[in-house]
Amino acid sequence: MAQQVIVRFPPSPTGYLHIGGARTAIFNWLFAQKTGGKFILRIEDTDVERSSEESILGILESLKWLGITWDEGPYSQSRFIKEHVAAAQKLLESGHAYKCFCTKEDLDRKREEARKNKAPLQYDGTCRNLTPEEIAKKEAAGMPYTIRLKIPRGGGSVIFEDIVYGFIEKKYEDIEDFVIVRSNGQPLYILSNAVDDIRDRITHVIRGQDGLANTPKQILIYKALGAPAPKFAHMSLTLDTKKAKISKRTHGELVAVHFYKEHGFLPWAFVNYLALLGWSTSDSREIFSREELIEAFSLKGISRANAIFDVRKDDPKFFTDPKAISINTHYLRNLPVEEIEPYVTEQLEKAGIWDPEFQSIKRDWFLRTIDLIRSRYHVTTDFVTLGRAYFSDDYPIDPKALKKNILKHEGLKEWFPILADRLQAVETFTVDEAERVIREMAEELGIKAGILINGIRAAVTGQVKGPGLFDVLIAVRQGRVAERLRKAVTFFN
RNA sequence: GUCCCCAUCGUCUAGCCAGGUCCAGGACACCGGCCUUUCACGCCGGCAGCACCGGUUCAAAUCCGGUUGGGGACGCCA
């Protein structure tokens with residue numbers, strides 16, 4: 001009988017959720033979904049200085065946007081500080097830990113010296129063997145102390161099997177007697193985290209590879225506390241194009257989940273992209289529905305090598321990793337229109353060009369129009385930039401379109417009004433009728449139809465490119481087309 | 001400095017554990033062509049990689065050792 005899987009995602013609320021954190025959350029969530037396990041959200045807010053309520057809200061919002069749901073929580077780690085302290089006390093009593101009276105200044109000095117002498121930076125164990133009398137004396141003198149875990153000495157090592165990286169061995173001698181409680185009585189993350197995981201019965205710790213070096217220490221804590229250690233699965237890290245770990249500090253908004261929401265990403269497309277960063281299936285599939293991803297997911301598919309988040313800051317063509325955009329594009333163009341409708345709506349609202357009728361009497365038209373123009377778009381914001389003319393009469397004319405497709409042909413100044421009249425005179429305004437009128441006119445004038453077609457497109461949509469013009473005209477509608485063509489004459493002034 | 005991890009096209013990666021079927025497959029990006037009123041979509045084609053050296057073997061991208069390169073950890077941060 002396999003026990004139920006319990007995983008957790010423990011962000012520290014010191015800023016927004018960034019893609020590294022999102023990736024960790026996604027992998028944990030996927031694993032829980034896959035195994036029918038439980039996913040706990042725990043806010044590690046014990047660093048009071050840097051934690052903020054605002055940050056917590058932002059993180060929750062980003063997770064919700066991504067569609068990552070949790071079964072328990074969010075718990076605040078700070079609520080359990082008493083338990084953490086009690087655990088430290090227990091370790092002290094059982095002889096697994098000891099009080100250290102070394103001052104921060106002393107330690108800093110020693111570390112600095114060691115750095116200079118290119119020696120290991122480990123704690124030298126000054127207080128490890130203090131006699132009970134010495135300890136009592138220092139305490140009586142009111143000397144503050146930290147609590148350190150007592151690492152076994154005289155050979156031996158910690159060995160564990162990481163699900164991704166395989167067997168990892170760390171010699172005791174390479175582990176220092178690390179601090180688990182500050183001199184002000186506050187427990188440290190390494191302790192709190194282990195205590196919380198024990199209490200929450202976490203079965204699998206899935207986290208970034210930067211936690212790999214900490215793992216032997218945590219295993220020692222579990223052992224000292226007499227609790228079984230969970231299984232560990234470390235994930236490769238996400239690096240930037242300069243191969244540095246991505247961070248809020250150096251990359252700012254570009255690595256924030258909310259940035260992708262604002263820039264027109266479909267949440268699932270983003271999850272799909274993130275899942276592919278450092279994970280794959282042997283059949284090289286890339287597009288997964290939610291159900292397919294859960295079905296295909298396996299911790300074994302996590303790659304050991306770090307992956308690069310290929311954002312090219314200076315490339316005007318891509319505002320982020322081209323692969324991320326291409327996946328978003330795929331979903332944008334292939335999902336049933338109804339599924340992307342809410343996201344388009346959101347963008348129109350944000351741009352102030354939303355018309356409530358788009359979801360009532362004009363809904364059919366709205367869906368058809370989205371469907372018509374989406375094959376050229378990459379993100380939902382394109383609907384309010386490139387596609388603005390479909391939804392609003394207040395749209396800009398691309399200078400290139402103006403120059404190349406309107407001003408270049410003086411004749412359009414006379415032809416536009418005639419075209420407007422003729423198109424307006426059509427009784428049933430259909431694609432075929434619109435095409436007939438325009439082609440006949442071109443023939444009459446003895447010019448290429450393309451001149452009229454491209455000129456009309458420029459005037460009616462403001463763009464040099466777009467769907468087949470006759471479809472465009474139907475989408476924009478007869479009256480507006482005529483109106484826009486008449487107005488276009490003013491471009492020649 | 002010490003310890004740990006990693007190494008296939010520009011990027012994400014399959015293949016590696018059980019060596020031959022791989023003169024290395026897919027995707028994105030890029031280039032060319034077809035289609036077309038424009039731009040896309042779509043279709044067809046192309047460019048491009050096993051870091052290096054040695055060993056084991058009839059045979060190595062795959063196993064072993066080393067070198068180089070990269071990343072991470074080493075806090076009274078999480």
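Computation of the quantities below employed the complete heavy-atom set of this structure, encompassing side-chain atoms and omitting hydrogens, waters and symmetry-equivalent molecules. Naming: A, B, ... by sequence-line order, numbering from 1 per chain.
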In terms of side-chain heavy atoms of [X], which of [options] is nearest?
X: A:S282; options: B:A29, B:A14, B:C76; value: B:A14
X: A:S280; options: B:C76, B:U13, B:C41; value: B:U13
X: A:K323; options: B:G26, B:C5, B:A73; value: B:G26
X: A:E286; options: B:C12, B:A27, B:A78; value: B:A27
X: A:E176; options: B:A14, B:U38, B:C74; value: B:C74

Nucleotide forming a Watson-Crick or wobble pair with [N], both distances under 3.5 Å:
N: B:A18; value: none
N: B:G42; value: B:C34
N: B:G1; value: B:C74
N: B:A51; value: B:U67

Problem - P spacing across the pair B:U2 / B:C52, given as an integer number of angstrom - result: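 Those two atoms are separated by 27 Å.
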
Exercise for the section: Give a yes/no on whether any side-chain N or O of A:T46 is located under 4.0 angstrom from OP1 or OP2 of B:A78. Expected result: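 Answer yes for this pair, as a side-chain N or O of A:T46 is under 4.0 Å from OP1 or OP2.
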
Exercise for the section: Check whether more than 12 heavy atoms from other residues, nucleotides or ligands sit under 6.0 Å from atom CZ of A:R182, and answer yes or no. Expected result: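 Yes, the 6.0 Å shell around CZ holds more than 12 heavy atoms from other groups.
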
Problem - A:R333 and A:Y377: CA distance, side-chain angles, deciding distance, side-chain contact (heavy atoms from CB on, under 4.5 Å) verdict - result: CA-CA 8 Å; A:R333 295 174 185 175; A:Y377 297 166; 5.6 Å; no

Practice task
Name the nucleic acid region contacted by A:P467, choosing base, sugar-phosphate or nothing; use a 4.0 angstrom heavy-atom cut-off, strictly under.
Solution key: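 Touches a base.
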
Handout entry: Lys/Arg-Asp/Glu bridge criterion (N-O < 4.0 Å) met for A:K110, A:D124
Key =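 A:D124 and A:K110: salt-bridged.
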
Problem - CD1-CZ distance between A:I327 and A:F265, expressed to the nearest 0.5 angstrom - result: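 Those atoms lie 8.5 Å apart.
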
